[in-house]
Amino acid sequence: MTASKTALSVNLNKVALVRNTRHLGIPSVVRAASLCLQAGAHGITVHPRPDGRHIRGDDVPALSELVGHHPGTEFNIEGNPFHNLMEHVRQLRPHQATFVPDSEGQFTSDHGWDFPADAERLRPVIAEARSLGVRVSLFMDPRPDLMAAARAVGADRVELYTETYARAHGAPNRAEVLRGFAQAAQAALDAGLEVNAGHDLNRDNLTDFLRAVPGVQEVSIGHAFVADALELGYAATVKAYLACIDAAYR
Ligand SMILES: CC(=O)[C@@H](O)[C@H](O)COP(=O)(O)O
Ligand SMILES: NCC(=O)COP(=O)(O)O
């Protein structure tokens, strides 16, 4: 049986970042999402940070409605459940909520949840989101030893934070870093979790990652995707990333 292919969820944070530099409403985040979904993207991801630097609160309902018009695609909202994420989860019940332990002004996401330190405060918000029918994914460093604890607090999935892989791509320690991710993914699967991945993935490093790391259900890609789309356009960029995914399963 061939492994089910990894889904591509396009993160549109950086489209919103450019839009916010004028009061003109362009580039449109909703139009970007529509073009990506029409081109075959499996989902849209947004991270409405509390400071509104890119995706803002009023972007989220329109994107949720758009995804609803594309059967089989998913809407993934990322954020800190102890900041502003849960208002979106309660209002919109996205397919997936990815809980990220970012501080309010953090430059970008750069670490996962810590266990056992975060376990007790995560448990009730995970339970609430799941009671609303929302799949919960926890943003995690690639640490095999933390995966059982992530499952024990009720998470459905983990999202492996892939910046250390991206940084090592092409470096002498690349194989060792990839092995670490494969071990973390296998530990997650063994604990009954599904596996997502994201952060600094791109067209150069995506295929190798998916070939080496088992069971990745979804990659969410934004920064490099939008950079590529500035050159190629959204549709061609979606197809380029889908080709990178396909290549991993050949
Ligand atoms: C959680 C993660 O790694 C990214 O999805 C995050 O959304 C990046 O945030 P910025 O786009 O604000 O850097
Ligand atoms: N969860 C990762 C994501 O949504 C996008 O991360 P990046 O590709 O912008 O680094």
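Whatever order the structure lists them in is the order used to number ligands and atoms, beginning at 1. In this chain, residues are counted from 1 in sequence order.
- If you check which protein heavy atom lies closest to atom 3 (O) of ligand 1, you get H199 ND1, 2.5 Å.
- The nearest non-hydrogen atom to atom 10 (P) of ligand 1, considering only D110, N13, L12, I221, comes from N13.
- For atom 13 (O) of ligand 1, the nearest protein heavy atom (residue, atom name, distance) is T108 OG1, 2.6 Å.
- Within ligand 1, the atoms closer than 4.0 Å to a non-hydrogen atom of H47 are 6 (C), 7 (O), numbered from 1 in the order shown.
- Salt bridge present: D145 and R143 bring a charged side-chain N and a carboxylate O closer than 4.0 Å.
- The side-chain heavy atoms of L201 and H169, taken from C-beta on, include no pair separated by under 4.5 Å.
- The shell of residues lying under 4.0 angstrom from ligand 1, judged by heavy atoms, excludes E159.
- Not a single heavy atom of E163 sits less than 4.0 Å from an atom of ligand 1.
- Close approach to N11 involves these atoms of ligand 1, each under 4.0 Å from a residue heavy atom: 5 (O), 7 (O).
- With sequence neighbours left out, R22 forms a side-chain contact (heavy atoms from CB on, under 4.5 Å) with L24.
- Taking CD of E74 as the start and OG of S9 as the end, the distance is 8.0 Å to the nearest 0.5 Å.
- With sequence neighbours excluded, the residues that form a side-chain contact (heavy atoms from CB on, under 4.5 Å) with I55 are N13, A16, V29, V46, P48, D59, V60.
- Below 30°, between 30° and 60°, or above 60°: for F209 and F181 the angle between ring planes is above 60°, a perpendicular geometry.
- Distance from atom 1 (C) of ligand 1 to its nearest protein heavy atom, with residue and atom name: S109 OG, 3.2 Å.
- Enclosure of atom CZ in R31 is not indicated, since only 12 or fewer non-hydrogen atoms of other residues, nucleotides or ligands lie within 6.0 angstrom.
- Residues that satisfy the side-chain contact (heavy atoms from CB on, under 4.5 Å) test with P50, not counting sequence neighbours, are H83, N84, E104.
- Within 6.0 Å of NE2 on H223 lie no more than 12 heavy atoms contributed by other residues, nucleotides or ligands.
- Here the protein heavy atom with the shortest distance to atom 9 (O) of ligand 1 is R49 NH2, 2.9 Å.
- Short contacts between ligand 1 and H54, defined as distances under 4.0 Å to a heavy atom of the residue, involve ligand atoms 10 (P), 11 (O), 12 (O).
- Counting heavy atoms closer than 4.0 Å to ligand 1, residue F139 contributes side-chain atoms (C-beta onward) but none from N, CA, C or O.
- Contact annotation: for T98 versus ligand 1, there are no heavy atoms closer than 4.0 Å.
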Does ligand 2 have any N/O pairs with the protein under 3.5 Å, and how far apart?
from     : atom 1 : to   : atom 2 : distance (Å)
ligand 2 : 1 (N)  : E78  : OE2    : 2.7
ligand 2 : 1 (N)  : E159 : OE1    : 3.4
ligand 2 : 1 (N)  : E159 : OE2    : 2.5
ligand 2 : 1 (N)  : S220 : OG     : 2.9
ligand 2 : 4 (O)  : N11  : ND2    : 2.8
ligand 2 : 4 (O)  : E78  : OE2    : 3.4
ligand 2 : 4 (O)  : S220 : OG     : 3.3
ligand 2 : 8 (O)  : G222 : N      : 2.8
ligand 2 : 8 (O)  : H223 : N      : 3.4
ligand 2 : 9 (O)  : H223 : N      : 2.8
ligand 2 : 10 (O) : D200 : N      : 2.8

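- Aromatic ring centres of F75 and H95 lie farther apart than the 6.0 Å criterion allows.
- With a 4.0 Å cut-off on non-hydrogen atoms, E78 touches ligand 1 through its side chain and not its backbone.
- Taking a cutoff of 4.0 Å between a charged side-chain nitrogen and a carboxylate oxygen, D200 and R167 do not qualify as a salt bridge.
- The neighbour count for E65 CD, taken as heavy atoms of other residues, nucleotides or ligands under 6.0 Å away, does not exceed 12.
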